[in-house]
*Asks:* 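For reference, the structure I am asking about is given below.
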Amino acid sequence: MSDNSLGTIVLYNTMTASKEKLETLEPGKCGIYCCGPTVYDYTHLGNARAAVVPDLMVRFLRHQGYEVKYVRNVTDIDDKIISRSAEQGVSPTDLAVRFTEEYHKDMTALNALDPDVEPKVSETIEEIIALVKQLVDKGLAYDMDGDVYYRVPDFKGYGKLSNRSVEEMLESAGSRIDVDQRKETPLDFALWKAAKPGEPSWTSPWGEGRPGWHIECSAMSSKHLGDSFDIHGGGRDLIFPHHENEIAQSQGAHGEDTYAKYWVHNGFINFAGEKMSKSLGNFFTTRELTAIFPPETLRYYLMTVHYRSGLNFDLEVTCPACHAVLDKEQQESAKCEACGHETTSDILKKQVRFPSLEEADDRLAYIYSTLEASQKFLETAKAPGQDVVVEGAVGEMLGAFIAHMANDLNSSGALGVLSKPLGEINGLLASGKGVNKALRFAIIDLFVKSMKEVAEILGCFGKDPSSWLVQRRDMKAARIGLDTDKVEGLLIERITARQEKDWSAADRIRDELTELGVSVQDGATGSVWSFI
RNA sequence: GGCGGCAUAGCCAAGUGGCUAAGGCAACGGUCUGCAAAAUCGUCAUCCCCAGUUCGACUCUGGGUGCCGCCUCCA
């Protein structure tokens with residue numbers, strides 16, 4: 001594909017429903033606005049994906065030489081925040097501040113870059129009021145008892161992003177939800193809401209009130225990126241009505257040819273909710289998962305599938321006695337059909353496994369092990385005096401990786417490109433037989449250098465391999481309830497037995513370790529253990 | 001009902017109008033190993049169904065079936 005030659009980037013644009021070559025308003029620069037979190041609770045994996053996808057985009061564009069201005073908002077005024085704060089007996093502001101902090105912690109854990117600007121609704125009220133006023137003045141909005149509504153049928157382009165027609169929507173309106181009778185048409189949406197007692201509010205030309213849901217993004221993107229900018233991102237569910245309404249507001253105020261040029265929407269995570277009994281609880285917040293898996297495992301997992309596709313989040317619960325997979329009914333009754341074993345909810349909770357995360361974790365460990373061994377090799381081996389040209393899988397790796405990323409951020413395809421080089425490197429590390437010494441060094445050196453760039457783009461594989469592997473091992477040990485000290489003790493016993501060539505004792509100890517869920521690797525430099 | 005998406009090996013998942021349809025997991029076989037494990041090498045698909053366009057389609061068009069999402073301030 002000639003479109004994929006280095007330097008050209010293709011993105012899928014929801015507005016045109018097709019892949020388009022990225023041509024930014026100003027060559028070499030790119031303004032990105034991304035709908036950030038509503039801060040009323042901890043983030044879940046879906047929120048994590050909605051942040052990691054634009055992060056990947058920003059990193060890649062920067063790697064390709066773009067000067068990116070990345071704006072991601074925080075919605076700190078919202079119905080959900082108000083109702084949650086009422087439930088908890090705290091002020092909406094305190095709740096929002098608290099969960100903004102928690103959001104930042106999760107983002108840091110996931111290695112998502114800070115946006116260049118992180119505007120908050122509460123700090124953009126002035127601009128929001130000005131924008132609403134502009135729409136009222138233009139006749140595109142009207143005031144009703146302190147509420148201000150957008151006059152949807154008067155905006156010609158309404159529905160162009162989500163591919164809906166105003167006529168059809170008017171016909172079906174009201175069939176699903178009750179319509180506020182004060183509105184001129186059911187499609188009209190609130191730009192400004194009159195304050196109810198106890199709610200946070202600001203003084204406006206229409207009285208005390210607060211912004212509606214959609215107006216904030218129009219106001220904040222204009223403020224920080226201008227009335228027109230390059231890329232607007234968010235989850236698929238925001239296409240309608242949120243992004244459609246943003247377009248109506250911004251283009252209504254600033255003109256039809258303004259606002260975002262490319263609309264990029266990420267797919268959903270399919271939670272395996274039906275597979276899991278409610279009584280076992282849900283641990284799908286980012287926080288709960290990063291407590292049992294290295295955060296980078298989550299990030300890696302999110303990139304194993306193309307960003308527009310759905311991502312299946314698997315989990316399974318197994319019988320503690322016979323390890324059969326239990327379906328929802330068996331989880332609820334806490335009884336295994338296969339072997340008849342009866343247990344309790346609490347015990348079953350510990351039996352929950354995340355196969356897809358475990359696979360991602362193993363893969364990441366394989367990659368880091370290869371990096372660790374490569375770095376050790378380069379530290380001890382002698383660099384060749386002359387330049388050596390590296391061809392083959394390792395030589396082509398970075399170019400192929402970038403080509404995939406340039407094709408609508410195809411991280412899945414890009415990750416696939418790494419497999420051959422990894423195999424080749426591990427082969428070279430195991431044995432230098434039949435390979436020119438200088439070439440061997442050059443290949444491994446190029447691999448490590450290429451992986452550094454890959455790590456910059458992905459935000460993965462960039463940690464110190466040894467420390468990451470230690471962290472990962474400790475977390476996995478905790479996950480399966482492994483007594484590490486006991487393992488280490490057995491390992492020492494076994495090393496002694498092996499030195500004395502007492503194979504039967506060595507094998508017996510190995511069986512014990514296997515029981516614990518540990519496998520042993522005997523190598524030239526000693527014995528190490530890992531998980532089965 | 002409206003709009004949109006998806007359907008590729010046991011599982012997950014890229015991709016292409018025509019050369020051997022990436023990669024991962026699992027499985028099987030070889031190398032390595034005291035035996036193993038890890039690592040490595042190899043084996044493992046004709047792309048939901050029907051019709052059409054085309055010299056040629058898994059890839060394009062139409063129809064069907066099946067999943068899923070949005071239309072309800074959930075990413």
Side-chain angles (χ1 to χ4, degrees), chain A residues 1 14 17 34-38 40-41 43-54 75 78-83 159 161-165 167-169 171-173 175-178 189-190 193 212-214 216 233-242 244-245 265-270 301 304-306 308-312 314 355-356 358-360 362-363 365-366 369-370 373 400 404 407 410-420 422-431 498 501-504 506-507 510-511 513-514 518-524 527-532:
Chain A
M1 259 165 75
T14 307
C34 169
C35 286
T38 301
Y40 67 104
D41 205 342
T43 66
H44 57 245
L45 251 192
N47 299 307
R49 191 183 198 191
V52 166
V53 167
T75 297
D78 164 272
D79 292 351
K80 291 192 293 292
I81 294 171
I82 291 169
S83 63
L161 181 68
S162 55
N163 198 18
R164 289 155 210 252
S165 84
E167 291 73 34
E168 283 173 10
M169 288 167 72
E171 279 172 27
S172 63
S175 59
R176 294 175 61 94
I177 45 168
D178 292 335
F189 59 90
K193 297 181 171 189
W213 175 35
H214 316 290
E216 55 184 82
R236 291 186 70 91
D237 60 322
L238 297 179
I239 295 172
F240 188 91
H242 185 57
E244 198 69 71
N245 291 352
H265 292 105
N266 64 269
F268 269 48
I269 290 176
N270 307 314
Y301 163 70
T304 56
V305 176
H306 185 92
R308 280 191 284 118
S309 303
L311 207 188
N312 305 313
D314 295 329
S356 49
E358 275 165 19
E359 190 179 322
D362 289 344
R363 185 70 181 161
Y366 165 77
S369 302
T370 308
H404 273 103
N407 181 17
N410 185 355
S411 55
S412 184
L415 288 170
V417 163
L418 305 181
S419 290
K420 278 252 158 43
L422 284 160
E424 187 178 335
I425 293 299
N426 276 311
L428 285 173
L429 289 167
S431 157
R498 287 190 76 237
K501 293 210 191 308
D502 184 353
W503 304 127
S504 64
D507 291 350
R510 185 166 61 199
D511 289 343
L513 287 163
T514 306
V518 163
S519 78
V520 194
Q521 287 98 252
D522 302 322
S527 295
V528 294
W529 64 271
S530 68
F531 300 94
I532 294 171

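Letters go in sequence order (proteins before strands), and every chain restarts at 1.
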*Asks:* Enumerate all atom pairs, one protein N or O and one N or O from nucleotides 60-63 of chain B, separated by less than 3.5 Å.
*Replies:*
none

*Asks:* With RNA chain B as reference, determine whether A:Leu415 or A:Asp78 sits nearer its 5' end, using the nearest nucleotide of each.
*Replies:*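 Closest to the 5' end, via its nearest nucleotide, is A:Leu415.
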*Asks:* Closest approach to the side chain of A:Asn410, judged atom by atom: which nucleotide of B:rA14, B:rC71, B:rG34 is it?
*Replies:*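 For the A:Asn410 side chain, the nearest candidate turns out to be B:rA14.
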*Asks:* Looking at A:Phe268, is A:Arg236 sitting on its ring face, NZ or CZ under 6.0 Å from the six-membered ring centre and within 45 degrees of the normal?
*Replies:*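 No, cation not above the ring by the 6.0 Å, 45° rule.
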*Asks:* Please enumerate all protein N or O atoms sitting under 3.5 Å from an N or O of nucleotides 4-6 of chain B, with distances to 0.1 Å.
*Replies:*
{"from": "B:rG4", "atom 1": "OP1", "to": "A:Asn163", "atom 2": "ND2", "distance (Å)": "2.6"}

*Asks:* Would you write the dot-bracket representation of RNA chain B, where each base gets (, ), [, ], | or . depending on whether it forms a Watson-Crick or G-U pair under 3.5 Å and with which partner?
*Replies:* (((((((..(((.....[....))).(((((.......)))))....(((((..]....))))))))))))....
*Asks:* Round to a whole Å and report the spacing from CG of A:Asn266 to P of B:rA75.
*Replies:*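 A:Asn266 atom CG is separated from B:rA75 atom P by 11 Å.
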*Asks:* Using whole Å, report how far NE2 of A:His265 lies from P of B:rC68.
*Replies:*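 About 23 Å, once rounded to whole Å.
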*Asks:* Below 3.5 Å is the cut-off: list the nitrogen or oxygen pairs between protein and nucleotides 24-32 of chain B, distance only.
*Replies:*
{"from": "B:rG24", "atom 1": "O2'", "to": "A:Glu359", "atom 2": "OE2", "distance (Å)": "3.3"}
{"from": "B:rC25", "atom 1": "O4'", "to": "A:Glu359", "atom 2": "OE2", "distance (Å)": "3.2"}

*Asks:* Where each residue is assigned the nucleotide of RNA chain B containing its nearest heavy atom, which of A:Arg498 and A:Gly234 is assigned the position nearer the 5′ end?
*Replies:*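 Between the two, 5'-proximity favours A:Arg498.
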*Asks:* To the nearest Å, how far apart are A:Phe189 CZ and B:rC73 C1'?
*Replies:*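 Between C1' of B:rC73 and CZ of A:Phe189: 12 Å.
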*Asks:* Show me the protein contacts with nucleotides 38-43 of chain B, counting only N or O atoms at under 3.5 Å.
*Replies:*
{"from": "B:rU40", "atom 1": "OP1", "to": "A:Tyr366", "atom 2": "OH", "distance (Å)": "2.4"}
{"from": "B:rU40", "atom 1": "OP1", "to": "A:Asn426", "atom 2": "ND2", "distance (Å)": "3.2"}

*Asks:* A:Val518: which residues meet the side chain to side chain contact (heavy atoms under 4.5 Å, CB included) condition with it, sequence neighbours left out?
*Replies:*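 Scan of A:Val518 (side chain to side chain contact (heavy atoms under 4.5 Å, CB included), adjacent residues dropped) gives A:Leu482, A:Val487, A:Leu513, A:Trp529.
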